[in-house]
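To keep things clear, I will list the structure first and then write my remarks on it.
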Amino acid sequence: MPESIQIHLPDGSSKSYPSGVTGGEIARDISEGLARMALSIKANGEVIELNRPITTDTKVQILTWNDLDGKKTMWHSSAHILAEAIESLYPGVKLGIGPPIDRGFYYDIDFGDYEFGANDFEKVEKKFLELARSGETFERKEVSKADALKHYQGINNDYKVELIEGLDDGNITFYYSGNFVDLCRGPHVPDSKSIKAFKILNTAGAYWRGNENNPQLTRIYGISFPKKKELDEYLEMLEEAKKRDHRKIGKELELFTFSQKVGMGLPMWLPKGTRLRETLVDFLKKVQEKGGYEQVITPHIGKKELYVTSGHYEKYGEDSFQPIQTPSEGEEFMLKPMNCPHHCEIYKTRPRSYRELPLRLAEFGTVYRYEQSGELHGLTRVRGFTQDDAHIFCRPDQVKEEFIKVIDIVLYIFKILDFQDYKAQISLRDPETPEKYFGKPEQWDKAEQAIIEAANERGLNTVTELGEAAFYGPKLDFMVSDALHREWQLGTIQLDYQLPERFELEYIGADNEKHRPVMIHRAPFGSLERFVAVLIEHTAGDFPIWLAPTQAIILPIAEKFNDMAENLQKKLAEAGFRAEVDGRYEKIGKKIREAELGKFPYMLVMGEQEVNNGTISVRKRKEGDIGTMPVDDFISHLQAEITEILK
RNA sequence: UCCUCCUUAGCUCAACUGGCAGAGCAAUUGUCUUGUAAACAAUAGGUUGUGGGUUCAACUCCCUCAGGAGGAUCCA
């Protein structure tokens, strides 16, 4: 063993330490403050605890609450304390697994016949904090497989026994803290005192190992923080998220509805929601027109044969809505689950020359996919939805450039809609399971390379996921964070060498030979339904002025001004604005209150004075009365405001 | 598809341990013709999601189906 080892830090510096130095000691050496904040370290990519000795040259990163892995370390330790609290309060329970997740942690526990519920939360939370405050340390011990099995057989926990059976001897560790011991890979925080706040968020049934043939355990979700204030803020954020739930706001603002008679997962857009949606569609159409796209329209059904050709039937057919048949011929049609096969057939209408590529076919195409009933959720997960779909048919040498152009469209849309925080996920195939993908490995290599280069060229902040590719090609997905820092997957760009093959698409090259084009599938919004849902939650229903279903509501003071109000509404409509009149026989105070709650961006009050002077009294939502002005001034004010956003 | 919970007037929600189904808002009608976040009054509104069962009696207990929520699984 060498006397001293080299530790490389993230800032590029290196320092030598005696062999056996711990992460905690390194942190203290850097600064006391860092040592206080440290929760664990990343050593050559592996997260380990602060007190584990390091004996070889190592790249070390000190992890604190500011790193997700640091948070996860604390949450992992919290899961142990939760389990300890529950074991002490409910003797005889059997523990399953208790990992940290992106927001907190859970523990799957078999309570036997006892039904663990909301009434138990407080008691457990109290016990948890008591244990955490007592300053438990987490001690790692390697155990032999035989001893590990003996331990859990002794307390009759067949779940852990099953887990251990799947592990290699020599690779099994237990962690001891207080009176608690758990099979665990670690790592953990040095001291439970750093966990200052804890809350059980909810419980849910979860099958052992996710298999519905296995017994069901109670999954207890919790979250913990190093400061009480952070917990309070987090809980407040959850409250706010509940208030912003698009299902609630969608109902309140009369944007969309569902009907049992029509069928679950089949949203219907109400007039106001339709105005919002159409505005988005018009916006994107204009952007696409500039980008050289052509709109097409294709039917909602297609012959089963079409999807056999595309390969979708083989991959998804049995889990889809089943084919419908014509009464006399018995021909089978499917509700279209995607638009690409139709677009391929459009491409084949006539021979194509290399000179007309790229051909960009866009369609706001409504597709129908069978989703399991439990999967449905508001507008984010439905059985019928409209994609802002387009397929770009191009030559292989155009792929990268086209891909970059699509990235630019997606980024432009995010900018206009104020999604400032986004990241891109590059989804590649999983080399371990080649049977899941169609096509030749060489083509996949080329396709994956093109995506990576295009993303780099635009300097995208990317993460790469193996095994997340579509069966026909790799993709680039965009995840945006909304106002509450929740991540949503929206736009997607996918590269495809398979469908052109399967549909035998061709073009005549400059060499007068036949060549195969490449396809790019792309949808910047993803689906309009899902996008609007995210937009609702992002804005809390306070849409930017250019999207608001009603941009201004005209409020006559008395019924005798209703005619003038109607005239004003017509004038605004002619200028291209969406306005409506609240002509009810109600007090102005009430009309204003309801307009504020109804999230109308502008309220235009009309009474004696305004009618006489040809002016309107303008009130801006949330800001109040902003004064009286001639109608034309208001119109140019609105125009300027919208131009500013869309420039 | 599976598990748990939920479903009461258009909306939001009450109704104890099985004992006459109720309020606010919305709607309708009347009075008030109104100046920047809720005028007043009256009326109407229900086979308590569906179908069955237990009971002298069911919103309440049991079963069924449908829908919703949370989760598991899934997501071209």
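Lettering follows sequence order; numbering is per chain, from 1. Atoms considered below: every heavy atom in the structure, side chains included; atoms not considered: hydrogens, waters and symmetry mates.
In this structure, the CG atom of A:L217 is 12 Å from the P atom of B:rU73, given to the nearest Å. Counting to the nearest Å, the C1' atom of B:rG70 and the CD1 atom of A:I101 are 14 Å from each other. Whole-Å rounding puts the A:R383 CZ to B:rG68 C1' distance at 14 Å. Nucleotide B:rU33 holds its C1' atom 16 Å from the CE atom of A:M606, rounded to whole Å. For the pair A:E371 CD and B:rU73 P, the interatomic distance rounds to 16 Å; values are reported in whole Å. Distance A:R584 CZ to B:rU28 P: 10 Å, rounded to the nearest Å. Spacing between atom CZ of A:F258 and atom P of B:rG67 amounts to 13 Å, rounded to whole angstrom units. If you take CZ of A:R429 and P of B:rA76, they are 18 Å apart, rounded to a whole angstrom.
Of all the residues in residues 521-536 of chain A, not one reaches under 4.0 Å from RNA chain B with any non-hydrogen atom. Of all the residues in residues 236-245 of chain A, not one reaches under 4.0 Å from RNA chain B with any non-hydrogen atom. Shown for residues 246-256 of chain A: residues whose heavy atoms fall under 4.0 angstrom of RNA chain B, namely A:R247, A:K251.
For A:Y370, a side-chain nitrogen or oxygen approaches OP1 or OP2 of B:rU1 to under 4.0 Å. Taking side-chain N and O atoms only, A:R369 has no distance below 4.0 Å to OP1 or OP2 of B:rC75. Not one side-chain nitrogen or oxygen of A:H377 sits closer than 4.0 Å to the OP1 or OP2 atom of B:rC75.
Among the atoms of the strands shown, only primed sugar atoms or phosphate atoms (P, OP1, OP2) are found under 4.0 Å from some heavy atom of A:Q260. Within 4.0 Å (heavy atoms only), A:Y316 reaches at least one base atom of the nucleic acid.
Of the candidates B:rA76, B:rA72, B:rU33, B:rA72 carries the atom nearest the A:R219 side chain, counting heavy atoms from C-beta on. For A:R381, taking side-chain heavy atoms from C-beta onward, the closest of the listed nucleotides B:rC74, B:rU1, B:rG68 is B:rC74. Residue A:M264 places its side chain closer to B:rG68 than to any other of B:rG68, B:rG70, B:rU1. Residue A:E375 places its side chain closer to B:rU1 than to any other of B:rG35, B:rU1, B:rU33.
Counting atom types as modelled, A:Q372 pairs no side-chain N or O with a base atom of B:rA72 as donor and acceptor under 3.5 Å.
Residues A:R530 and A:Q489 come closest through the heavy atom pair NE-O, 3.0 Å.
Annotation: cation-pi geometry satisfied between A:R219 and A:Y106 (NZ/CZ under 6.0 angstrom from ring centroid, within 45° of ring axis).
Nearest-nucleotide assignment on RNA chain B puts the 5′-proximal partner with A:F561, out of A:F561 and A:A469.
The salt bridge (charged side-chain N to carboxylate O under 4.0 Å, His left out) contacts involving residues 463-475 of chain A comprise A:K475-A:D477, where partners must be two or more places apart or lie in separate chains. For the salt bridge (charged side-chain N to carboxylate O under 4.0 Å, His left out) condition, the pairs that include at least one residue of residues 495-505 of chain A, sequence neighbours left out, are A:E501-A:R516.
Taking the ring pair (Phe, Tyr, Trp, His ring centres under 6.0 Å) definition, one finds that A:Y370 meets it with nothing, sequence neighbours left out. Under the ring pair (Phe, Tyr, Trp, His ring centres under 6.0 Å) criterion, A:Y307 pairs with no residue at all, not counting sequence neighbours. A search for side chain to side chain contact (heavy atoms under 4.5 Å, CB included) contacts involving A:R584 returns A:D582, A:E586, A:K591, A:E594, not counting sequence neighbours. Every residue two or more places apart in sequence or in another chain that forms a ring pair (Phe, Tyr, Trp, His ring centres under 6.0 Å) with A:F438 is listed here: A:F471. The ring pair (Phe, Tyr, Trp, His ring centres under 6.0 Å) test applied to A:Y234 returns A:F225, not counting sequence neighbours.
One P atom belongs to B:rC3, the other to B:rU8, and the distance between them is 23 Å to the nearest Å. Rounded to whole Å, the separation between the P atoms of B:rG49 and B:rU12 comes to 15 Å.
Remark: RNA chain B takes part in the stems B:1-7 with B:66-72, B:10-13 with B:22-25, B:27-31 with B:39-43, B:51-53 with B:61-63, each of 3 or more antiparallel Watson-Crick or G-U pairs, criterion distances under 3.5 Å.
Side chains of A:E305 and A:Y313: no donor on one and acceptor on the other come within 3.5 Å.
A:W75 contributes a side-chain N or O that, together with a main-chain N or O of A:S224, makes up a donor-acceptor pair within less than 3.5 Å.
For an aromatic pair to be called close, the ring centres must be under 6.0 Å apart, and A:F634 with A:Y602 satisfies this.
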Counting primed atoms, P, OP1 and OP2 as sugar-phosphate and everything else as base, the B/S/- map of nucleotides 36-48 of chain B against protein heavy atoms under 4.0 Å is BBBS---------

